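Whatever order the structure lists ligands and atoms in, that order sets their numbers, starting from 1. Source: prediction; values computed, not measured. Just so it is clear, the values below take in all heavy atoms, side chains as well, and ignore hydrogens, waters and symmetry mates.
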Amino acid sequence: MDLYERAEKIKNFLAEKISYTPQAAVVLGSGLGSFAEEIEADFEIPYSDIEGFPVSTVPGHKGRLIFGKTGGKNIVAMQGRFHFYEGCSAQDISLPVRVFQLLGIKNYIVTNAAGAVNFSYKPGDLMIINDHIGLFCPSVLTGENDERFGTRFPSMSHAYSRSLIEIAHKAAQNTKTDVQEGVYCYCKGPMFETPAEILFLRAVGADAAGMSTVPEVVTAVHAGMNVLGISCITNMAAGILDQPLTHAEVMETGKAVEKKFSAYMKEIISLI
Ligand code: HPA
């Protein structure tokens, strides 16, 4: 079965369960899954109960799709995502986005945990992504192009929607949330970066480093969706502080900001 057929089958299965087209798909990153509690769910399903859907293996990623209402809007949330470092294929990583595309969803909101490359950031900050660097990792669009999904050579000049970025700033004002705006660099993972790599990333213009998001965003842009990305800065990147990085630290900061993050996300969704 090709990716289109796989995505279509899942789309048909999900479309039978809901009576609306969600206004946004929201992907919840490491430690940020508790936003799901803000959703009045109509329909929830573990990935493992969706035939043909990949299953996430990262601790802190629940692996559940939730359809419901928050901020006065119908949305679908993904609690847990897929990464190349788990051994997932490009097809697996792009599949959820393709399902959303076939469901007719126009807005794709990604969240993630990231390390601060920019010295002026601190753990607990939220960063609106205004661009990304994905050069160091394989493209999710490698292989034959399916024109039903999008064009062979998509532009990435406006990958992150300027109007959604403005909405994210407005939501920050309304909820009195301090936000940063900057460039996210996609790193291979699952190892954290070395101090020398972070020095390099700073020199080329990155503000934050993470191990996800870019493959999905590239897929969503290829699909013609409007993309918004929010990073939760969970730690200073390697070499800034004299201590090794751990996934536990990432999860702890996620937990510490979950209230602020959830209120902020809800406001963003209400303004879309
Ligand atoms: N590097 C890469 N990915 C991350 C980090 C980091 O420092 N923190 C959370 N995700």
Does E51 reach the side chain of F13, with side-chain heavy atoms less than 4.5 Å apart? no
Taking side chain as C-beta onward, heavy atoms only, is Y108 less than 4.5 Å from N226? no
Taking only heavy atoms of the protein into account, state which residues are under 4.0 angstrom from an atom of ligand 1, in chain and number order. A113, A114, G115, F192, E193, A209, G210, M211, T234, N235, L245, V250
Please list, one pair per line, the donor and acceptor atoms closer than 3.5 Å that link side chains of residues 188-197 to other protein atoms, with sequence neighbours excluded.
{"unit_1": "K188", "atom_1": "NZ", "unit_2": "F136", "atom_2": "O", "d": "3.1"}
{"unit_1": "T194", "atom_1": "OG1", "unit_2": "E197", "atom_2": "N", "d": "3.0"}
{"unit_1": "T194", "atom_1": "OG1", "unit_2": "E197", "atom_2": "OE1", "d": "3.4"}
{"unit_1": "E197", "atom_1": "OE1", "unit_2": "T194", "atom_2": "N", "d": "2.8"}

Can you tell me if K106 has over 12 outside heavy atoms packed within less than 6.0 Å of its NZ? no
Side chain to side chain donor-acceptor pair (under 3.5 Å) pairs, two or more places apart, involving residues 125-140: K122-D125, D125-Q180, N130-E181, H132-Y160
Linked hydrophobic residues, M236 as query - side chain contacts closer than 4.5 Å: F119, I240, L241
